[in-house]
Amino acid sequence: MNTIHINPERLQRFLTEIAAYGATPDGGVTRLALSDEDRDARNRLRAWFEEAGCETKIDRMGNMFFVRPGKNRALRPVMTGSHCDSQPQGGRFDGILGIVGGLEAVCALNDAGATLERDLIVVNWTNEEGSRFTPGTTGSGVFAGKLDREAMYALKDRDGLTFGAELERIGYKGDEDFNPGPLHANFEYHIEQGPVLERRGMTIGVPKGIVCLRWFDVFIEGVPNHAGPTPMDERQDAIHAFARMASEIFAIGLDSDGVVATVGEVHPSPNSRNVIAGKVHFTIDVRGWDETETDRVCAEIERTVAEKARVTGTTAELRRTWEVERAPFHPRLVSLIRDTARELGLPALDMVSGASHDTVYINQSTPSAMIFVPSIGGRSHAEVEETSWTDCAAGADVLLNCLVKTCND
Ligand code: HGY
Ligand code: MN
Ligand code: MN
Ligand code: MN
């Protein structure tokens, strides 16, 4: 089959309509995993895929598999997809572009009357972001056998609601596991979420893999006291300790060789302007392509947390919450994406994914690779997240043609 093209107007319509689920006043989305907004978006996706002739399978983690039958159903299927959940005040493209890109590929194949050799499966993975229920990529992690389903069911959000109860409440707790057997290939189409492609004037990003990731939670204990009468040299101030730690964590990341370190959540207690804080819980996200350098940075951060607690008269417990090894993608599929972009006349750039994705787990058992398109201003995980419709369509064309090639080989 020569190169085939998606319908850009239909892709734009899908993306625009699905962005209404959890739309925020400033142009982003808040569609947290297992929320009502997530449920409603899931229902819409299911309707679209079933209108496009796909079978729907929902597993016990709420992962949604939309299957487009191939000629020979005994052959190993090809998979693509991403996640429908977002960050709080997140963007309209992160994750959902990969699912809607797969939907558009199905519709374009239907328009062409094309039946591929292999089944094509488009997935919506549950709770990729890990913002409401931590860790992230829980749906894909359980599917890949790397995370325990019962442990995930027991995860609690800040309101004490469990993952399992919320999955049941929104009606997406499947009663069986969908096991398509060994897969032939897996592609994830996603926005870059960084500044590289735009700065280099490139349309398609071809990551060689995803960085490794380490998540920590730190619990500082000081002595709550009155903000007025307590002499400065007699304070055991948990926010003071936090400030010293956070400042040093940033410096350690800045001084490292390619590792990034982020303090994203801070929860002081009692969080009152005239009380010296007794407690602070905060999070640390550390990532890098080089696992040795990443672990060196983590060790330095652990030492710094202990030292800043000591000098501020507080105590700090640092817990390792989650870690994922780096995911080098399959060279054959990376080359296929690069070659397909070239055939479509699209400038492509080899790179690394600084963001994590569901493919980090799928890649551990299935030949996988990802297709990136530029993020305007390099922004993501923010309401201003934006990718041009032209670039969305270009990336979807690369995805479609890679799916056709691998479904027919
Ligand atoms: O954190 C991540 O990298 C992903 O976007 N959730
Ligand atoms: Mn994402
Ligand atoms: Mn994300
Ligand atoms: Mn992701």
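As the structure lists them, so they are numbered: ligands from 1, and atoms in each ligand from 1.
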Output the list of atoms in ligand 1 that are nearer than 4.0 Å to some heavy atom of [X], sorted by atom number.
X: Ala355; value: 3 (O)
X: Ser356; value: 2 (C), 3 (O), 4 (C), 5 (O)
X: Glu128; value: 4 (C), 6 (N)

### Task
Please determine if Arg44 forms a cation-pi arrangement with Trp48, meaning its NZ or CZ atom is less than 6.0 Å from the six-membered ring centre and no more than 45° off the ring axis.
yes
### Quiz item: cation-pi between Lys173 and Tyr153, 6.0 Å / 45°
yes
### N/O separation below 3.5 Å, Asp94 to ligand 1
no
### Heteroatom proximity flag, Arg287 to ligand 1, N/O under 3.5 Å
yes
#### Entry: Heteroatom of Asp94 nearest to the Mn ion (ligand 3) (N, O or S, atom name)
OD2
### Task
For the residue pair Val67 and Leu120, establish whether any side-chain heavy-atom pair is separated by less than 4.5 Å.
no
### Query
So do the side chains of Met61 and Thr138 get within less than 4.5 Å of each other, counting heavy atoms only?
yes
### Message
Can you tell me if Gln87 contacts ligand 1 (heavy atom of the residue under 4.0 Å from the ligand)?
### Response
no
### Query
Do any heavy atoms of His83 fall under 4.0 Å from ligand 1?
no
### Task
Examine the side chains of His83 and Asn124 and answer whether a donor and an acceptor come within less than 3.5 Å of each other.
no
### Task
Could you tell me whether the side chains of Tyr172 and Asn43 share a donor-acceptor contact shorter than 3.5 Å?
yes
### Query
side chain to side chain contact (heavy atoms under 4.5 Å, CB included) between Arg149 and Asp177: does it pass, once the steps are laid out?
CA-CA 11 Å; Arg149 184 175 58 245; Asp177 277 334; 3.0 Å; yes
### Task
For ligand 1, indicate whether the residue His381 contacts it via side chain, backbone, both or neither (heavy-atom separation under 4.0 Å).
side chain
### Query
Which angle, to 10 degrees, forms at the Mn ion (ligand 3) with OE2 of Glu129 on one side and NE2 of His381 on the other?
110°
### Query
Can you give the angle His83 NE2 - the Mn ion (ligand 2) - His190 NE2, rounded to 10°?
110°
#### Entry: Whether His357 has an N, O or S atom under 2.8 Å from the Mn ion (ligand 2)
no
### Qualifying residue, where the test is side chain to side chain contact (heavy atoms under 4.5 Å, CB included) with Val280 and the options are Thr314, Asp237, Val266
Val266
